[in-house]
Amino acid sequence: MGIPDRGLLDWLDEASTERGLYYANDDDGWDFWSYRDLGRLVLRTAAALRANGIGQGDVVALVQRSSPGFVAGFFGTLAAGATPCSIAPPFAFQRADEYEKHAAHLLRTVRPGAVVCDDESLERMAKVAAEVGLGAPVAFDDLVADAEPLERPLPVPETALVQFTSGSSGFSRGVRISAEALRTNISGMGTWLGCAPERPAASWLPVHHDMGLVGFLLNVVVTGFDGWMFQPDDFIRSPVRYLRCLSERRIVMTAMPNFGLSYIARRVRPADLEGLRFDALRAVIVGAERIDPRVLRDFHALLGPHGLDRGALVPAYGSAEATLAVTGLPPGEGWTTGRPDTAGDAASLAGTAVVGCGRPLPGRTVTIVSEDGAALPDGRVGEIVVSGVSIASGYVGDTGSASGTSLGERGLRTGDAGFVRDGQLFVVGRLGDGLKVSGKMVFAESLEALLHERGIPERRVAVLLGARDGRPTAVALFAAAKPGWRRIAHEVLSEWLGDAELLSAEVPRGGIAVTSSGKPRRRVIWRAVCAGEFPSALGPLTAD
């Protein structure tokens with residue numbers, strides 16, 4: 001299957017009145033928007049943007065939750081011949097000052113011709129826009145009020161999306177995604193997953209993140225199947241409601257990071273699932289962060305008795321610079337784990353087995369290279385390099401970054417460490433989040449996985465690795481530590497890190513700085529530690 005020759009706006013010409021998007025409302029019901037109604041709103045939005053001075057190739061920043069207005073804002077920008085850029089709304093950040101700093105950086109990067117907000121974001125964004133010298137943002141409803149639709153869309157611009165990286169290693173970087181790359185990535189996902197209009201999907205992912213935007217929303221709309229849409233906070237408040245939707249609507253495809261599976265496994269009891277069935281699910285795509293095999297097993301143990309096939313758990317790997325999808329496991333195959341070879345300087349002391357993220361999608365090549373750029377054989381850990389179709393055209397503005405990710409003639413150097421076994425990619429961690437011990441790399445994500453296995457929950461601990469004052473150092477950062485956590489961390493880190501200095505610090509619950517997609521900002525925190533600017537006191541990590 002797939003949609004190899006489908007343009008990004010072709011769906012407007014054949015918009016269905018029967019299929020569309022269903023948005024969860026506060027009454028435990030759904031607000032339905034057919035593709036015909038969404039298409040008309042898209043063309044009204046395009047006309048309104050043109051009337052407000054948006055021209056070919058201008059950037060329009062969208063600061064909106066998942067909503068009909070966001071769909072219209074995104075595709076309406078394309079239909080106006082302009083380039084959409086999705087920016088996280090304030091709800092994605094716990095602290096107002098962090099959000100304003102983040103949003104200001106993004107606006108300075110893209111210098112949009114217009115900023116379109118939903119009502120709840122308008123006041124905050126007005127303050128940020130004024131700070132960076134932009135005109136006042138406009139609420140979506142005010143933008144389209146009284147607008148008559150364009151007769152037909154204008155040509156899609158060469159850059160169809162400016163997509164921001166997660167910013168886990170520093171400030172987010174704006175990535176220019178061409179129309180061809182975006183269309184090709186959507187097509188590749190359709191072929192990989194067997195997407196078709198008669199196969200409904202559901203999501204709670206935010207649309208400011210590439211997994212929720214490209215991996216779900218754009219895939220659903222361009223392909224034209226029914227999408228059942230939750231807000232991220234809907235999912236956090238009631239994962240059971242989301243699971244009921246999967247069962248009652250016979251959902252075929254959904255997606256989430258490892259954290260989502262873990263949250264369901266922790267919060268949902270077997271008794272909550274009485275009468276539910278998950279045998280229609282063909283693909284639960286798992287990506288965006290390192291995948292814990294224990295979490296996959298726990299999730300399947302909970303839903304398996306209600307019909308979820310183990311092969312429906314579909315690990316994948318991607319990045320903003322690759323538009324999104326790079327590798328994925330075919331639905332039904334069944335996930336596996338692997339360990340790298342131990343021979344060679346680049347070998348990884350991974351600690352735990354690593355989940356395979358599938359094989360490259362058509363038109364993509366994955367190579368593992370050493371520090372000097374030489375290709376490594378199967379089983380050896382090195383940097384993941386991606387080439388082929390749907391690679392980004394480049395970065396917007398200043399390309400400086402501490403992330404280690406770069407675009408060049410040889411493709412995308414991801415800054416991620418991994419290895420290949422029998423054609424399948426296994427992702428180990430970020431190269432910048434590792435520490436060499438006896439000539440071999442230990443990765444922060446691997447140590448965190450061991451801490452989770454020993455009972456410290458996800459999002460309650462982050463491990464930072466690096467050199468401090470010339471000495472190999474590890475910091476265990478706890479969010480409201482419970483008795484026994486420091487002992488566990490001391491045992492794990494001292495076992496794997498040899499003579500490295502072991503430190504610890506504590507922040508309030510929710511106080512570990514994360515990106516808008518929920519990843520720990522390890523490099524940012526580490527730089528604050530080394531500069532003496534970290535707000536919490538550092539002390540020795542002991543077994544007491």
Side-chain angles (χ1 to χ4, degrees), residues 93-95 97-98 166-170 258-259 262 266 289-290 292 294-295 348-352 402 417 428-438 440-515 518-544:
F93 284 71
Q94 292 182 324
R95 289 174 46 185
D97 58 339
E98 285 187 0
S166 66
S168 58
S169 301
N258 183 86
F259 156 74
S262 175
R266 293 198 317 271
E289 60 188 21
R290 177 161 160 166
D292 186 341
R294 173 184 54 87
V295 169
S348 165
L349 299 175
T352 58
V428 177
R430 291 293 292 175
L431 287 169
D433 294 329
L435 192 64
K436 271 197 173 182
V437 178
S438 302
K440 304 182 190 301
M441 288 296 293
V442 180
F443 293 93
E445 293 96 326
S446 299
L447 297 173
E448 286 174 8
L450 291 171
L451 297 179
H452 300 330
E453 286 184 1
R454 295 284 299 273
I456 303 178
E458 293 184 38
R459 311 297 170 102
R460 298 291 297 277
V461 65
V463 175
L464 317 175
L465 301 177
R468 183 171 177 263
D469 298 328
R471 181 178 178 183
T473 303
V475 178
L477 178 60
F478 299 100
K482 291 188 175 181
W485 286 7
R486 284 183 172 78
R487 175 185 55 79
I488 292 170
H490 182 270
E491 291 173 358
V492 170
L493 270 59
S494 60
E495 176 183 356
W496 288 100
L497 297 178
D499 294 331
E501 182 179 16
L502 304 184
L503 302 174
S504 70
E506 184 167 352
V507 295
R509 187 161 184 170
I512 296 176
V514 297
T515 69
K519 299 176 185 176
R521 303 189 73 194
R522 293 188 185 87
R523 288 293 92 194
V524 175
I525 303 170
W526 177 257
R527 289 196 293 272
V529 167
C530 292
E533 298 172 351
F534 193 66
S536 299
L538 286 171
L541 176 64
T542 66
D544 298 335

What's the separation between atom [atom1] in [X] and atom [atom2] in [Y], rounded to the nearest 0.5 Å?
X: Ile456; Y: Ile488; atom1: CD1; atom2: CD1; value: 5.0 Å
X: Leu450; Y: Leu493; atom1: CG; atom2: CG; value: 9.0 Å
X: Leu541; Y: Thr473; atom1: CG; atom2: OG1; value: 12.0 Å
X: Leu464; Y: Ser504; atom1: CG; atom2: OG; value: 11.0 Å
X: Glu453; Y: Glu448; atom1: CD; atom2: CD; value: 12.5 Å
X: Arg430; Y: Leu465; atom1: CZ; atom2: CG; value: 14.0 Å

Look only at the side chain of Ser262 and the backbone of Asn258, and say whether a donor-acceptor pair between them is shorter than 3.5 Å.
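Between the backbone of Asn258 and the side chain of Ser262 there is no qualifying donor-acceptor contact (under 3.5 Å).
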Mind checking whether Val463 and Leu451 have side chains closer than 4.5 Å, heavy atoms only?
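Val463 reaches Leu451 side chain to side chain.
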For Pro540, give me all partners under side-chain contact (heavy atoms from CB on, under 4.5 Å), at least two apart in sequence or on another chain.
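Pro540: side-chain contact (heavy atoms from CB on, under 4.5 Å) contacts with Thr542.
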Output all residues satisfying side-chain hydrogen bond (donor to acceptor under 3.5 Å, both in side chains) with Glu445, sequence neighbours left out; order by chain, then residue number.
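Scan of Glu445 (side-chain hydrogen bond (donor to acceptor under 3.5 Å, both in side chains), adjacent residues dropped) gives none.
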Using a 6.0 Å distance limit plus a 45 degree cone around the ring axis, check whether Arg460 lies over the aromatic ring of Phe478.
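No, a cation-pi geometry is absent between Arg460 and Phe478.
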Can you list every pair that meets salt bridge (Lys or Arg N to Asp or Glu O under 4.0 Å) and has a residue in residues 488-508, with sequence neighbours left out?
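Output for this query lists Arg454-Glu491, Arg486-Glu506, Arg487-Glu491.
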Looking only at heavy atoms, what is the nearest atom pair of Pro457 and Trp485, with distance?
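For Pro457 versus Trp485, the nearest heavy atoms are CD-CZ2, 3.4 Å.
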Return the minimal non-hydrogen interatomic distance between Val442 and Trp496, and the atom names on each side.
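For Val442 versus Trp496, the nearest heavy atoms are CG2-O, 3.7 Å.
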Could you go through Leu477 and Val461, starting from their C-alpha distance and side-chain angles, then the distance that decides it, and tell me whether this counts as side chain to side chain contact (heavy atoms under 4.5 Å, CB included)?
CA-CA 6 Å; Leu477 178 60; Val461 65; over 6 Å; no
